[in-house]
Amino acid sequence: MKKTLLVTLLGLAALTASAQQTLTLEDCRQMAVQQSKDLEQARGQIEMASYDRKIALANYFPNVSATGAYLYNSRDIALISDGQSALLQNAGTLVQGQLDAAMAGATQQMSAAMTQKMTELMTAIKTNPALALDYMGSPMWQTVLQMLQGVDPSSLAGLVPNIAEPVNAIGTDIDKALHPDLHNIWVGAVTVKQPVFVGGKIIYSNQMAALAQDLAQSKYEMKYADVVMDVDQAYWQIISIANKKKLAESYLALLQEMQTDVEKSISAGVATESDALQVKVKANEAQMLLTKADNGLTLSKMLLCKRIGLPLDSEIILADETIEVIPEPECPADKSLEDIYADRPETRSLQLAQQIYEKKAKVVRADLMPQVALTANYLISNPNAFNGIQNTWNGGTVVAGVMVNVPIFHGLENVNRYKKAKAEAGLYRTQYEDARELIGLQVAQQRKVFVEAREKVEMTLSNLESAEENLRKANLAYEAGVLPTNTVLGAQTAWLSAHSEYIDAGIEYQMAAASLNKAQGNIK
């Protein structure tokens, strides 16, 4: 039964150990970077800026588009009136009637003329019989007389051709051409437009897009540095509390051991109840410190889990949690202020913003200049008017030309926009100069804090060594019976305080190094 219980306990211990995660500082940083919503948004800004850059680059290329349209007209379109349309359709009938009337009149006139001439001839014959005999005997006259006798004036009307139907047909065709079928209209076009000169607007827009991408990257680095600093702070806070918890456990163990010794001394008659009460009070205080440290360690680990994206109840162990001595951080290398200004994302962001607004001013200025572009269009429609108006897809036409746009006056809008952009660039220039001064002050301050933290570690280490030696001697003297209990308790309290101060100094040293790295722009 005892063997089974031991195996069960060992199995539970193994499962608990496997469920726990051991994380280094670098692991925590990477996990925090991966799960940070702020960094995810910043990466999205970088991606959008890259697309903006590609969009600006597309303005160098021709703009080709195709357009199609369909239109329906409820009423048809006529190029002539209804009266003119009726005249065209009946043109042959009208012309035929006029020709017939003209021919009939000509026939009547001819008949009257012939009758008159015959009357005149008969009169002449009657008045001059000799002449009549000569005419009657003349072969030529006999021939003419026979010809005249054979002509029927009424038969001349049949010489006029019938042109009514063909002319009516021609008129009808013309009328149809003047009444095109425009109820259904189909139009298609392919347009090509290539800018030639737009005042440098395309060039400056591409430069702005490149600067905006760099600005998005700089803002990402700012948020990245903040995330790393927050993780470092939470990480070393856990190390501090874990070490103080071990310190409280050691302190409580000392007091419990001393409490046992005091009870033995009371039994031997060499100590009093007052000594026992003093030790008990200190033991209770140590127990309270241990409870606070345990609760603080739990809360600190929950905070770190939140920042690195783990469930709050995750069981984690930090790689530096069990160290006896807090390691000394790597001393940041000294850098010149100009290098720091170049590496700090804050100054780079302001400098990039200033350059962006300077380019923006040039883009606005380009709107004040003439703009030249080449354009070409291929047009096709049904109906089309290339050979009269026909309801067919009878090919298309190419139209090419040059477009020139010269702005003249629009209430000084572009002028004021240009001045506004220049003012914005000046604003960011001032902020950049102010940021340089503040960063220089911050770097100088952090360097002093770093030196002070290092000196504090050395001083607290010296105090700790003295407190440990003092406690060792106090314990020896107490065991020899030559030192009272309250003096030993004071030595233990001093030892506890020296250890606590040393732990705090080590954590401050780590955070001072991290803050100096951030101030010098070393966190990438």
Side-chain angles (χ1 to χ4, degrees), residues 23-30 32-33 218 220-244 247 296 300 303-304 307-308 318-350 432-467 497-524:
L23 302 174
T24 64
L25 178 59
E26 189 62 30
D27 293 337
C28 294
R29 287 179 175 178
Q30 292 179 0
V33 169
S218 181
Y220 173 83
E221 293 175 2
M222 289 173 59
K223 294 181 179 180
Y224 178 86
D226 292 337
V227 169
V228 169
M229 280 296 298
D230 290 341
V231 170
D232 285 4
Q233 185 176 2
Y235 184 91
W236 290 112
Q237 184 180 8
I238 292 175
I239 304 303
S240 174
I241 297 175
N243 279 272
K244 288 185 177 181
L247 180 61
S300 298
L303 176 61
L304 181 61
R307 289 182 174 172
I308 63 178
L318 304 185
D320 297 323
E321 191 173 339
T322 58
I323 59 175
E324 297 293 334
V325 179
I326 297 176
E328 182 178 356
E330 183 179 354
C331 182
D334 289 337
K335 298 170 62 175
S336 65
L337 286 178
E338 292 301 326
D339 291 338
I340 292 174
Y341 296 150
D343 291 340
R344 282 288 293 265
E346 294 89 345
T347 51
R348 284 192 287 111
S349 295
L350 291 173
Y432 171 70
E433 294 172 355
D434 187 41
R436 284 169 60 97
E437 296 177 358
L438 293 177
I439 287 175
L441 179 62
Q442 183 186 29
V443 170
Q445 181 182 5
Q446 289 299 327
R447 285 175 177 173
K448 290 185 178 298
V449 170
F450 180 76
V451 174
E452 291 175 0
R454 182 170 55 192
E455 293 176 351
K456 187 175 181 179
V457 169
E458 296 174 356
M459 183 176 60
T460 55
L461 180 59
S462 177
N463 293 338
L464 177 60
E465 292 174 353
S466 300
S497 178
H499 264 287
S500 180
E501 289 177 355
Y502 174 69
I503 294 171
D504 290 339
I507 299 302
E508 289 178 9
Y509 194 22
Q510 290 285 346
M511 295 310 302
S515 298
L516 182 55
N517 277 322
K518 182 181 179 182
Q520 294 188 155
N522 294 333
I523 300 179
K524 299 290 185 178

Margin query: side-chain contact (heavy atoms from CB on, under 4.5 Å) for M511 and M229? Distances and angles first, verdict last.
Written below: CA-CA 9 Å; M511 295 310 302; M229 280 296 298; 4.2 Å; yes
Hey, could you give me the [atom1]/[atom2] distance between [X] and [Y], rounded to the nearest 0.5 Å?
X    : Y    : atom1 : atom2 : answer
N243 : I238 : CG    : CD1   : 12.0 Å
I241 : E321 : CD1   : CD    : 10.0 Å
E455 : Y509 : CD    : OH    : 10.0 Å
I507 : D232 : CD1   : CG    : 11.0 Å
L318 : T24  : CG    : OG1   : 9.0 Å

Any heavy-atom pair between the side chains of [Y] and [X] that's under 4.5 Å?
X    : Y    : answer
R447 : E452 : no
V449 : S515 : no
I326 : Y502 : no
F450 : C331 : yes
K244 : D504 : yes
L304 : Q237 : no

Taking the side chain from [X] and the backbone from [Y], do they hold a donor-acceptor pair closer than 3.5 Å?
X    : Y    : value
S300 : G296 : yes
R344 : Q520 : no
Q510 : P327 : yes
N522 : K518 : no
S218 : P345 : yes
Y235 : C28  : no
N517 : A513 : yes

Checklist line | Distance-only polar pair, side chains of S466 and N463, donor-acceptor under 3.5 Å | finding: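 No, no side-chain donor-acceptor contact under 3.5 Å.
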For [X] versus [Y], what's the shortest heavy-atom pair and its separation?
X    : Y    : result
A435 : T347 : CB-CG2, 4.4 Å
A519 : I340 : O-CG2, 3.6 Å
V33  : V227 : N-CG1, 4.3 Å

Next item on the list: Using a strict cut-off of less than 4.0 Å between a Lys/Arg side-chain nitrogen and an Asp/Glu carboxylate oxygen, indicate whether K456 and E501 qualify as a salt bridge.
Entry: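 E501 and K456: not salt-bridged.
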Next item on the list: Output yes when D343 and R348 qualify as a salt bridge under the 4.0 Å nitrogen-oxygen rule, no when they do not.
Entry: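 No, this pair does not count.
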Checklist line | CD/E330: more than 12 non-hydrogen atoms of other groups inside 6.0 Å | finding: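 Counting other residues, nucleotides and ligands, CD of E330 stays at 12 neighbours or fewer.
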Notebook entry, point to check: Going through the checks in order, is the side-chain contact (heavy atoms from CB on, under 4.5 Å) test met by L23 and I308?
Noted result: CA-CA 11 Å; L23 302 174; I308 63 178; 3.7 Å; yes
